[in-house]
Every structure is written in structure tokens, then in C-alpha cells.
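Shown next, in C-alpha cells, is the structure this report addresses.
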Amino acid sequence: MTTDPRAVPAPEYRPGGIAARAMGARVEAAGYLDGLNPEQRQAIEATEGPVLVLAGAGTGKTRVLTTRIAHILATGRARPSELLAVTFTNKAAREMKERIGRYVGQAVEGMPWLGTFHAIGTKILRRHAEMVGLKSDFSILDTDDQLRLMKQIIQAEGVDEKRWPARQLASHIDGWKNRGLQPREVPPGEAKAFAGGKGGALYGAYQARLKTLNAADFGDLLLETIRLFRENADVLKDYQRRFRYMLVDEYQDTNVAQYMWLRLLAQGNKNVCCVGDDDQSIYGWRGAEVDNILRFEHDFPGALVIRLERNYRSTSHILAAASHLIAHNESRLGKTLFTDSADPEAEKVQVASVWDSEEEARAIGDEIERLQRLGHALNEMAILVRASFQMREFEDRFVTLGLPYRVIGGPRFYERQEIRDALAYFRAMIQPADDLAFERIVNVPKRGLGDATVLQIHAYARAKGIPLTLAAAEMVETEELKPKARSALKGLTDSFARWRAQVDVIGHSELAGIILDESGYTEMWQNDKSADAPGRLDNLKELIRSMDQFDNMQTFLEHVSLVMDAEQEAGLDAVNIMTLHAAKGLEFDTVFLPGWEEGLFPHQRALDESGRAGLEEERRLAYVGLTRAKQRVKLWFASNRRVHGSWNSSVPSRFLDELPEPHVDVIEGKSSYGGYGRGGYGASRFDQGAAFGSTYQTPGWQRAQARIAGPAGGGAMGGGAAGRGRGGDDHEFNQDPGRPAGGFGEARTGFAGYGAGRSPQRDRWGNPIVEKRLGKVLEGQLVTKSDAEAARYKCGDRVFHLKFGNGNVVEVEGNKLSIEFDRAGRKRVLDSFVQPA
DNA sequence: GGTCTAGCCATTTTT
DNA sequence: TGGCTAGACC
């Protein structure tokens, strides 16, 4: 067992003692408790015993969390190294550290146990690795490695890979690990569910293989720590003593394994404080258990529950909308947000209807430009979508408009192919047992070592019971391989030997550069002509640059597999586009929420797969979206949306009907969006200002219900066949009671009449005049966007565009260029967005 | 061993 | 509709 010299227990804290009183005086003087409301203050000062802080959106949660830590440190209740503070993401951990630093200065550096569940798990596991069958330098596998490993195991067990794909096994194993289940603990029924009864065995085989590879996957970082604690009471005791105070952020996102981990540690002194919001639990699908938070008082008897309901973020309209909506959920502890700031000028929540997703993007783009002209910063605006495919339309539109935007989310830095490849080289060099790393790069760049050769190396390695790297090194000395393969492999193994010899000779970042150059990896991307190749080379450079902060290759690898993030350029003033999930924890002055349609939001799959619980999670997602907004929130839904290529008519989301009428403004097509003039299609219940009829009675809601429960059963998103048939839903809209005939209705009927075969995108009205008018609008926007300086490009010029790559200019019209891109086809873009290639 | 094509699939995502 | 994967083919 490890004994950390820092682990000498601090003296017992005596409330009311002389030291305590003196420190109390200092705390008041320090002023970090100033300006807190009574609940916040209580949450900070209730340091002893279990505490659950139910922190609604925008109620100062982060402040409470960081101040609480500062308070514990400032009052001498614990030393920095005796605090355990757990977050879910590295970003959250970084921010927390940064904010605590503001209160306590350097002391934060002495907080080794501030981090993600996984980072802290890793730290503990490395200290006691041998107790769970690993060595302290075990590798951490990413999902890619995991999948490849599972594929091998499925094959080795003679299971038909087509019927039982590795992905599916991965999700089973993932699920088991989320629930804290070791292979032998998997309920027999579930263990049999995969591959005709082999599921449990495959899980066991996978775990065994991980141990041979001296590797752990993300789930193991928790699961093996739990096992370590359970099987070694003295180790557990040591940590229970060490962690005098424990804090957990985003408690609603914990899964069963994390809960078990926490329970084990908290059984010591029980000073555990969990902060979360059940209404913001949106990760049920990846194992988060809302139950953990709902059951807190039961699991930690005598727990103090503190509700933070005073909101400092949003206007009263936004809060009313969010609260009213979320009140439709049954599984919740119940909080009601309120605000003191009563601004009579505050904008109501806006709801607008558009014809299709293209118009949605156009209208939102216009609205953004309007706000921009009024002096609003783009950084303070965000478009939050349910699914990432929705982003494309906005990106396309913004590129056309020349409106700067950034997409938040997407693949993480270390998940990118080039980063993974580079890391695999480093791993294979440092860790000869890391077969997965070796396999990944053995033929990258292509050096003529295909499946056949790899299979031979595998066989050799298995026969001798040695890792692939060693097997390869031995095989090049034998006659087993074909001459071509043999010399290629020799080149590689010689290189590895050469690099290994230099590990202690030259700096690790310098060595990394040498490896990437000598292996031909850099060259591979230099020769690649695709648009993203330069970016990949930049990423590799960035990777090497970032290595300097670390002492050696090992510490770097540890860091990168666990905590490395892509840096987002923050300097640019740009509109933010992201998924609702990615938006949790952020806030913006203006929030656009497009795509509020049945099937998309709530998403049909959530309803199909998880029924009412799924619906409630979707509703929480809507709640998260609304509560991101400080000043204004604008909701949109389109009557038509393209799903997998074909057009479907859609029904407005039931969530719209769950908003409180007095706080909502329905934007009529003919008023604000006169330019488009078609708002209102399919939005019958929003017509004539008679919006939002009593809940559950409106036709939209009833249609939605019928659709979900109906015989069409599991019908595709938003209406599938019905929408495409003659008339279909469109016809139905016309029959809505109380809907005035004529006007827009005519036009829409017109469309529905020939709707079956035609794509609204191409010939939406069947009327060339309308088409032209649209064109003009487009022109207007383009021209207003940048001044008419002399054309910088001429036809035939070769140019590079950040998003579309290289292309040739085929038409110049002022500052607008038509470019035939090599990969993206013909696009119209502003000249300021391209540079000479 | 590398390239081409038919077939499949299609939320949300952190570590 | 479009991007990815497995298997056929050169």
C-alpha cells in the first residue's frame, strides 16, 4: 500500500475554538462571502455532513462550489490535498481550478484531487495498479482501440461478426461498466443476450485481454478503482481518511459506477457535497442515473438539501417559459426559478414558423444580422440544435452571408485521426506491450504491410506469447515473411529501435517530431491534396508544441489520452452553433432554438426507445436550451424538413404548447418576417393571434399524439409516408377548426397538390416569380455585407477556402465569387473568405 | 495489397 | 441525400 507523506491527517477542527474564531474573523475580512444570497451562503457554510445543493439553471452554482472550497481552505478545515473535487469534464475541472485560484491563490496548485472522475480514478489506479492486475504504466484505450480489440475477441470466439457487430458488444460492455458490473456480476439474462449466450464470456475475455495488454478503457478507470477499494479495505480506508471533504459537480449526470465509487469514499467521514439539477439531466442515454440525485436523501441519511432558485441570468419571461415547460415533467424534485429583476422592456419568448429548414436558416441569419446592426455581439448569440445534421443549413447560409460563426463540439483534438496515429507511434515506442497502438500504425503510412502480414505477426506473437512489437522485431530476422513485407517491416522495427535508443538522449518533443518525419507520417499528409490536410499538419504541430509542457513522453501520453482538449479560438466575434447537449453550462444574450418539431424535438427515437422517460429527458433538454438565454430566446419550427434526403412535412413540437401564453409572442408571417411572408404554414394554431389554445386541446398537440400512438407505429420522423402522399398532412392542416381560409392557405394547398413528386427545395412554389423574389433578397444581403471594392480575383484564379478547400474561380460578380471547388462543387462565396491557393 | 462499388444507415457524447 | 464499411475485383 502506498503511503503518501502528505497524507498526515490534519488536526481535528474544533468549531468555536480559538483558532476557528480567529479564522472566522479572517473569512469575513476576506470578503468572499459578500454578495451571496442566504441559500448560497448556507450551501457554502454547511461543511459537515452530506449536503445536496439543488442548483437551478443560472443560480450561481459554480460560485457556490468554488466558494465552498475556498471557505473550507480558508477556515483551515482541510488542506488542499485533503479535498476531493470531482467534475465530469476537463473543461469544468479547469474552470473550477481557475476560479478557486482566484480566491486562494497558489493553494489551488496543492489540490491534486481536483479533476474528472476518470482522471482521479487513474491517479488512484496507477498507485495500486498491481492490485488489480495492471502495471502502473498501463495505457488508456480510446473508443477506437476498444472497438478493434472487441472485433478481435469476437473473431477469436468464433462469433459471426456480421450478426453480432463489435459496436453492439461495445455498447453492452459500456452499459455494464456504467452500472459498475464486473463480468461475473452481469445478470445472466443480459449476459446471454449477445451472440447466442456468449455476451458475458466475451466481456470476460475482453477484460482478460486488457490485462495482457496492460491497458484500461475509460470504464475501467472507475470500475477497477471500485474493485480495488472493495478488495482492499486498507487502501479504501486510507483514501477515506485522506479525503476530509468531497464535492461533486453535476451530480445529476453520475452513473451507477460513479455513484458506487463516491459511496465507498464517502462512507468515511460523510462530508460529501453534491451539486446538481435534476431538471438538467440530459445524459440518461449514456448511463446517467437521475435516480442518484432523486434518492440522495435516502442514500445519505441526515442529508441537508438546499435549493438555489434565485436566478441571476434570465429575464422573467424566459424563466416563466422554462419553468412552465419543465413543470410538465413528473420525475423531478421540483424547483421554481425566480428573479428579482423585473424589466418591463424585456422581450417575450418568440415563436416563429417557417416553411422549411432553408427558410429557417435564412430567417435566423437575417435576425442575427438585424441584432448585429443594433450593436449586439455575435459571440453573445447561439443557435442550439437538437441534432448536428441541423447545423449544416446554418453553416451554408452563414458562409453565403459572410457571417462569422463557430461550431462548438465536433471531434475532440485527441480523437482526430492524425492525433491518434501520432499517439499510436509514441505509445508503441514507449510501451512495447501496446499491441493496439502497433497495429494502428504498422501500415500507416502505407508501407506494404497489409492484413496478411499482420495476421502472420499475430500468429507468431501468440505462439511465443510476446507482444506484436517484439514479434515483429524477431520475425524480420527469420524467413517467415515474404521478402517485400520483410524488408518493409524491418524498416519499421529498425526505426522503432532507433527511436527507443533516443528516448533518454533527446527531448521528447524533438523525438516526437523525428518519429513523425522518419516514419513518413508527416510526408503522407503533405502529399495529401484534400482540403483538410493542411489542418491536420497544423494539428500535428500543435501536438508537438504542447508536449513541451510535460516532463517526458509518459506524462504527456497520460495527459493526452485523458484530458487534452481542442482549443477554440476565442478572439473572433462569431455566432455560436452547437447542439443543445453541448450548450449545457453556457449562457448567451440571445438564443435561437430551431427545429421545434415533433420527431426532431422531441426526437422520435427518444420516444420510441425510452417512452415517457425519454420524453421527459427531451423536455429537460428543451429546458436547458431555454435557460441558456439571458435576454431573448427565439424558437422556430419548419413545416417541412428534409430527412435522409426526402422531404417530410412536420408537426410543431408539443413543447411549444407547453409554454405559458402570457410570456410568448407568436411571430406572424405577415408581420416581422414580411420578407418571407410565408410564416404560418402548418402553424394553424398560431394563426390570428389565437396562439396557444389550452394545453392538450390544440390540434397540433392532438396530431402529435395521434402520430406517436397511431397505427403508423414508429412512423418516420415527422410523418413519413403520410407527408409525402397526396395532400397528406398538408391537407389536414387546412381542416383545422378555426383556421381562416384563403391567404396563405391557398398557396400552401397549391403546393400540397403537387407535393408528391416535387422537392420544395427546387421548385417550392411552382411559381417563377416567387423564385425571383427570393433571389433578390439573397442579393440584397450579399451586397450589404461587404463594400464594393475592386474585384480581387478573376476567372480561372486558383483559390483556397477554409471550409471548401481548393477550387477555381468561374465567375466574378463584384465581391461575390462563384467557385468550382475540387471537392465541394460549385459554391458562391464572398471574396473575403478565400485566399489565393 | 490497393481500389472500387454496392449496401447500409442515419440523436445526443464525455472520459 | 451522403458518408462509411465490407467485400469484390484488379
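A, B, ... follow the sequence lines: proteins, then strands. Residue 1 opens every chain.
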Check your understanding: Going by 5.5 Å between centroids and 30° between planes, is there a stack of A:Phe88 over B:dT14?
Key -> no
Review point. With respect to the phosphate group of B:dT11, does any side-chain polar atom (N or O) of A:Thr579 fall under 4.0 Å of OP1 or OP2?
Key: no
Review point. Rounded to the Å, how far apart are A:Ile282 CD1 and B:dT14 P?
Key: 11 Å
**Study point:** Rounded distance in Å - CG (A:Asp220) to P (B:dT14)
**Key:** 20 Å
N/O contacts under 3.5 Å, protein versus nucleotides 1-7 of chain B?
unit_1: B:dG1; atom_1: OP2; unit_2: A:Gly450; atom_2: N; d: 2.4

Review point. A:Arg167 has an atom CZ; how far is it from atom P of B:dT11, in whole Å?
Key: 13 Å
Review point. Reckon A:Ser388 has a side-chain N or O less than 4.0 Å from the OP1 or OP2 of B:dT12?
Key: yes
Exercise for review: Would you kindly check whether a donor in the side chain of A:Arg286 faces an acceptor in the base of B:dT12, or vice versa, at under 3.5 angstrom?
Suggested key: no
Check your understanding: Can you tell me how far P of B:dT12 sits from OH of A:Tyr283, to the nearest Å?
Key -> 11 Å
Point to revise | Sugar-phosphate, base or nothing in reach of A:Gln258, heavy atoms under 4.0 Å | key: nothing
Check your understanding: CE of A:Met578 versus P of B:dT13: gap in Å, rounded?
Key -> 11 Å
Review point. Which is true for A:Glu250 with a 4.0 Å heavy-atom rule: it touches a base, it touches only sugar-phosphate, or it touches nothing?
Key: nothing
Exercise for review: Go through DNA chain C in 5' to 3' direction and return only the first and the last nucleotide with some atom under 4.0 Å of chain A's heavy atoms.
Suggested key: C:dT1 to C:dG7
Check your understanding: Parallel under 30°, tilted from 30 to 60°, perpendicular over 60°: which one fits the rings of A:Tyr521 and A:Trp525?
Key -> perpendicular
Check your understanding: Do you see a donor-acceptor pair shorter than 3.5 Å between the side chains of A:Gln280 and A:Asp277?
Key -> yes
Point to revise | Crowding at CD, A:Gln155 (>12 non-hydrogen neighbours, <6.0 Å) | key: yes
Exercise for review: Kindly confirm whether the side-chain ring of A:His603 is stacked on the base of B:dT11, judged by centres under 5.5 Å and planes under 30°.
Suggested key: yes
Check your understanding: For the pair made of CD in A:Gln604 and P in B:dT12, what is the distance, rounded to whole Å?
Key -> 16 Å
Exercise for review: Calculate the interatomic distance between A:Asn178 atom CG and B:dT12 atom P; express it in whole Å.
Suggested key: 18 Å
